[in-house]
Structures are given as structure tokens and as C-alpha cells.
Undergrad: 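Have a look at the structure that comes next, please.
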2 protein chains.
Amino acid sequence: MFSKACEYGIKATVHICIRSQQHERVSLKNIAEKIDSPIAFTAKILQSLAKNDIINSSKGAKGGYEMSEDNFNKITLLDIVKAIDGDNIYNGCGLGYKNCNAKKPCPMHFQFKSIRDDLKKMLETTTLQELADDINEGTSFLVR
Amino acid sequence: MFSKACEYGIKATVHICIRSQQHERVSLKNIAEKIDSPIAFTAKILQSLAKNDIINSSKGAKGGYEMSEDNFNKITLLDIVKAIDGDNIYNGCGLGYKNCNAKKPCPMHFQFKSIRDDLKKMLETTTLQELADDINEGTSFLVR
DNA sequence: ACAAACTCGGATAAATTTATCCGATATAGA
DNA sequence: TCTATATCGGATAAATTTATCCGAGTTTGT
Ligand code: FES
Ligand code: FES
């Protein structure tokens, strides 16, 4: 469904969000450990998240990643997925045609579109705050 | 969402189904032309569809691929997806954990599961017959 | 000024997916 | 039997995704 990069990106952002709620900045090393991801690969992903203004990065000693409070319930899963995997998963044709076009639908269009639309709605309405809250409440888990 | 192999596999099976309704056997070359796919790669996919008893293949002159009438409304998209991409897309965890486990859910579980379940239901209830009918009626299109 | 602790970003490598090539084999028909 | 026409299946190559390495630059604290 999502790329590995995107999965890491979502987990990393959730972790950063939780720590930012506690006003703590986290290092790359800490993130990779917490979400169990390859460190250098995670660095690339964090860079692109930073370029998309989803997280902030600071260089140097005591540097690391953080998220502004404004973003807690402003950034959604869609922002992250879009930044890393692009919009194909929630806009593209299920059978791989360049565009999904209801005027000239592919054989799977009618069955596929509504699910894709639900996915899109889910992604754009799910905020990091929500995901972080569940983890803080022990309802869901970042590691397993 | 689906792999290229799976997209080709779905298109190919739909095409074979339509031709089989007309009691015609189709060659690899014809399939690859009709669905606009790389010919040798398509051959591999058709082989695995044949091994999974989704289509039948015949060697030699006048050989090719066909589908038994019984399969028209027995084979679903799920059968094809399962044969080519496996079951991860409709059973696996959205954040890449080995298993989706409601007892120890990942941060995206509650949001993701219902969409994944809808996708699964769609795949297992959509038969080739339906897809073929739409194309025959001009409601959807195999090529674009 | 210096060292330690960080991220940045380019180069490279490994793994997987996608795609091609070709000899072996099977079938139909002349 | 011979030839043309097919798929089969193993080897290989290209492209993309995933992962690693390392020098350069930045910031903090001594
Ligand atoms: S045209 Fe393929 S999903 Fe809409
Ligand atoms: S545990 Fe991740 S989707 Fe269920």
C-alpha cells in the first residue's frame, strides 16, 4: 500500500509529535531506534519532511527534529503521504492509467474509486494529534 | 496500490474472459497488444495465473489462453491479486508490521482497518463477469 | 579556539521489481 | 515427418526502491 519510506515517515512524524508535545527535540538516532528503521534512510525521509514544512530540523549539537504546536492538529496523514509517495495512491487509477478519468473509466474504476475516496478522506481527516493521543493513552503502539 | 504485475494480470484476465465468452482462445501476443503491456513480462504473469487455475493455457500452434465458463463469475479480483501480489494489501498492517493485530494495534490501525476491509470486500465480491460486462456494454474501457 | 554532537547532501551499494532474451518443448496441420 | 506457431522456464538485464557511507557544514559548550 504505502512505500517503506512512507511507513517510516509516518512513524517518525508521530514520534516527533509526541516528543514535541513534551517540548523535547529528538535526534535522528533516537527516532530510528524508537521506530526501528535504518538510520541513514530515515535521515533522507526526515529531510524531505522538513522541506515540506511538516517538521523542523536544527543542525549542530542539541540539534534534531521537532514539530511546532500549530502543526499537531494541522498536519494530517495526507500531508505526509503526499510528501513522500505523491498523490497517486489516493488520486490515481487503480489499474495504472495515467489519470483516473470517469469519462473513460478503466474496468476497475467503479469498484475502486469509492475505496480510494474513502482512503483519501481518512488520510486528510486523521491528524497527528489523534495518532499521538492514542499512543499516549495506550490505545495504540508505535513499536512492536 | 497494486504492483505493475498485478495491474497487467487483472487487465489480461479481463481480456481473456471477454474472449472466452466468445469461445475464442487468445495468444500472448494478442493479450500484450490489447492491454499494452511488455510481452515477455506478461508471459510470466500469465504463467502464474495459469498455475493458480485462474486461466488455462495451451501450448503449440493454435495455443494460447482461455478461461472456463465456470470461472466467469467464480474468479474474483481477490483471486488475481492474491495470486500475484499476495494477501498483504488486504490483510497486512498499514504501517508495515508483520501482522495486523488488533490486540496491539499500530498508530494507524483504527483508521486504516476499515478501509482495508472495504478493499478486501470489494476485491472478493467483484467477479470477472462484472468487469467484462461493463466493457461489453461500453461502460468501461480496457485500453486508453 | 577547539572539540563534541548534530544534520545535510552527494555518492554508492544492495535488494526488489520490472522487463528482455532465448533455447526447450508441445501442438496443429500440411 | 516436417514446419510453423505457440507456451514454458531459466538466465540475464534494466529500473526503481531501499539502504549505507562519508565528508562537509552547523551549533553548543568548554
Ligand atoms: S480510471 Fe481507473 S480507477 Fe478511475
Ligand atoms: S496493526 Fe497496523 S493496521 Fe492493524
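Chain A is the first sequence line, chain B the second, and so forth, proteins listed ahead of strands; every chain is numbered from 1.
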Undergrad: Measure NZ/A:Lys29 against P/C:dA5 and give the value in whole Å, please.
TA: 10 Å
Undergrad: If I take atom CD1 in residue B:Ile45 and atom P in nucleotide C:dT17, what distance separates them, rounded to the nearest angstrom?
TA: 13 Å
Undergrad: For C:dT7 and A:Gln47 - does any side-chain N or O of the residue sit under 4.0 Å from the phosphate oxygens OP1/OP2?
TA: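 Result: no.
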Undergrad: Of all the nucleotides listed (D:dT20, C:dT20, C:dA5), which has the minimum atom distance to the side chain of A:Phe41?
TA: D:dT20
Undergrad: Has A:Lys51 got a side-chain N or O lying under 4.0 Å from the OP1 or OP2 atom of C:dT7?
TA: no
Undergrad: Measure CG/B:Asp85 against P/C:dT16 and give the value in whole Å, please.
TA: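 Rounding to the nearest Å, CG of B:Asp85 and P of C:dT16 are 16 Å apart.
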Undergrad: Please report the distance, rounded to the nearest Å, between CD1 in A:Ile39 and C1' in C:dA5.
TA: 13 Å
Undergrad: Got a sec: does the CG of B:Asn101 have more than 12 other heavy atoms crowding it under 6.0 Å?
TA: yes
Undergrad: Using atom OH of A:Tyr65 as one end and atom P of C:dA5 as the other, report the distance to the nearest whole Å.
TA: 17 Å
Undergrad: Looking at D:dA19, I'd like to know if its phosphate oxygens (OP1 or OP2) sit under 4.0 Å from a side-chain N or O belonging to A:Tyr8.
TA: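 True: A:Tyr8 side-chain N/O within range (under 4.0 Å) of D:dA19 OP1/OP2.
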Undergrad: State whether B:Lys4 places a side-chain N or O below 4.0 Å from either non-bridging phosphate oxygen (OP1 or OP2) of D:dA14.
TA: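 For B:Lys4, the contact criterion (side-chain N or O under 4.0 Å from OP1 or OP2 of D:dA14) is not met.
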Undergrad: Could you check which of D:dT18, D:dG29, D:dC21 has an atom nearest any side-chain atom of A:Lys62?
TA: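 Comparing D:dT18, D:dG29, D:dC21 against the side chain of A:Lys62, the answer is D:dG29.
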Undergrad: So if I take every side-chain heavy atom of B:Ala61 and compare against C:dC21, C:dT7, C:dA28, which nucleotide ends up nearest?
TA: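 My answer, after comparing the listed nucleotides, is C:dA28.
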Undergrad: Angle between ring planes, A:Phe112 versus B:Phe2, binned at 30° and 60°: parallel, tilted or perpendicular?
TA: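 Plane angle between 30° and 60°, so tilted.
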Undergrad: Does a side-chain N or O of A:Ser57 approach OP1 or OP2 of C:dC8 to a distance below 4.0 Å, or not?
TA: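 Checking A:Ser57 against C:dC8: at least one side-chain N or O falls below 4.0 Å of OP1 or OP2.
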Undergrad: Could B:Lys34 and B:Phe141 be counted as a cation-pi pair, given that NZ or CZ must be under 6.0 Å from the ring centre and within 45° of the axis?
TA: no
Undergrad: Take atom NZ of A:Lys59 and atom C1' of D:dG29, then tell me their distance rounded to the nearest Å.
TA: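 Whole-Å distance recorded here is 19 Å.
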Undergrad: Quick one: A:Leu46 CG to C:dG9 P, roughly how many Å, whole number?
TA: 13 Å
Undergrad: Which sits closer to the 5' end of DNA chain D, A:Ser3 or B:Gly63, going by the nucleotide each is nearest to?
TA: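 First, find each residue's nearest nucleotide; the 5'-ward one identifies B:Gly63.
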Undergrad: Roughly, in whole Å, what's the span from CG in B:Asn56 to P in D:dA6?
TA: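 Distance check: B:Asn56 CG to D:dA6 P gives 18 Å.
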Undergrad: For B:Gly60 and A:Pro38, find the nucleotide of DNA chain D closest to each by heavy atoms; which residue's nucleotide sits nearer the 5' end?
TA: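 First, find each residue's nearest nucleotide; the 5'-ward one identifies B:Gly60.
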Undergrad: For B:Lys113, is there an ion pair with B:Asp117 - N to carboxylate O distance below 4.0 angstrom?
TA: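 Yes.
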Undergrad: Sub-3.5 Å donor-acceptor pair from the side chain of B:Glu130 to the main-chain atoms of B:Thr127, do we have one?
TA: yes
Undergrad: Which is true for A:Lys44 with a 4.0 Å heavy-atom rule: it touches a base, it touches only sugar-phosphate, or it touches nothing?
TA: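 The residue A:Lys44 makes base contact.
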